Amino acid sequence: MQNGIKEMSAKEYLSQVRRGEADITRLNCDKQNLYEILYSLGGTKEGERVQTSKNADRFGSIFVKIEEKDYLIEKKLKELIDFKIEVADRIGTLSEPKYAELLYKRYIQFKSFKQIAADMGYSYRYVIKIHGYALLEFEKKMQKRCTNNL
């Protein structure tokens, strides 16, 4: 998830959490679609004539695809959990607590600016304003960390 962190803005880096969640959701939908295909194939009623196909084991091949999706979901989920912990830890290093709280609510909990404003007791406009400042501070910390790692 964090490939090319040097070339990334703070917002792009933080937004990777949501993209990770979306990937897992998409994989779960794909898996559910495979189950629906499996159920739609069903069995045949007695006496029905069935045309044979090239793939003698349709059920088996679909089950294999479902297992592949399960493996990918599990792998992506582990990666996402590790990445969320990393991002939350980095957010926690911000010197201004309200910046850390805002970024955590926005990029880890996926709250809207309106919800964040209500939670924090600020106006919507003020939350938008400090979001910009929080991103700037986070980006400075990211750049500092990248230069220290060279």
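Just so it is clear, the structure is predicted and the values come from calculations on it, not from any experiment.
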Of all residues at least two apart in sequence or in a different chain, which pass the salt bridge (Lys or Arg N to Asp or Glu O under 4.0 Å) check with E74?
none
Expected list for residues 122-135: side-chain donor-acceptor pairs under 3.5 angstrom, two or more places apart:
| unit_1 | atom_1 | unit_2 | atom_2 | d |
| --- | --- | --- | --- | --- |
| S123 | OG | Y126 | N | 3.1 |
| Y126 | OH | K98 | NZ | 2.7 |
| H131 | NE2 | Y107 | OH | 2.8 |

What pairs with E96 under side-chain hydrogen bond (donor to acceptor under 3.5 Å, both in side chains), at least two apart in sequence or on another chain?
none
Using the test side chain to side chain contact (heavy atoms under 4.5 Å, CB included), find all partners of D119 that sit at least two apart in sequence or belong to another chain.
K105, K111
Do L14 and I81 share a hydrophobic cluster (ILVMFWY, side-chain heavy atoms under 4.5 Å, transitive)?
yes
Side-chain heavy-atom pair I24, E21 within 4.5 angstrom cut-off
no
In chain order, what residues pass the salt bridge (Lys or Arg N to Asp or Glu O under 4.0 Å) check against D70, with sequence neighbours excluded?
K31
State which residues pass side chain to side chain contact (heavy atoms under 4.5 Å, CB included) with K141; sequence neighbours excluded, sorted by chain then number.
T93, L94, E137
According to ring pair (Phe, Tyr, Trp, His ring centres under 6.0 Å), who are the partners of F63, at least two apart in sequence or on a separate chain?
none
If hydrophobic clusters are built by linking Ile, Leu, Val, Met, Phe, Trp and Tyr wherever their side-chain heavy atoms come under 4.5 Å apart, do V64 and L72 end up in the same one?
no
Quick one: side chain to side chain contact (heavy atoms under 4.5 Å, CB included) partners of I108, sequence neighbours excluded?
V17, K84, V87, I91, Y104
How many angstroms lie between CD in E68 and CD1 in I73, if you round to the nearest 0.5 Å?
12.0 Å
Please identify each residue that fulfils side chain to side chain contact (heavy atoms under 4.5 Å, CB included) with Q143, with sequence neighbours left out.
E139
Sequence neighbours excluded - salt bridge (charged side-chain N to carboxylate O under 4.0 Å, His left out) pairs with any residue from residues 10-19
none
Does any part of the side chain of N28, heavy atoms only, come nearer than 4.5 Å to the side chain of Q32, both counted from C-beta?
no
Can you find a heavy atom in the side chain of F138 that is under 4.5 Å from one in the side chain of Y99?
no
So how far is it from I37 CD1 to K65 NZ, rounded to the nearest 0.5 Å?
8.0 Å
Just verifying a value: how many Å separate L27 CG and K75 NZ, rounded to the nearest 0.5 Å?
11.0 Å
Partners passing salt bridge (Lys or Arg N to Asp or Glu O under 4.0 Å) against R26 (at least two apart in sequence or in another chain):
D30
Minimum side-chain heavy-atom gap I62-I66 below 4.5 Å:
yes
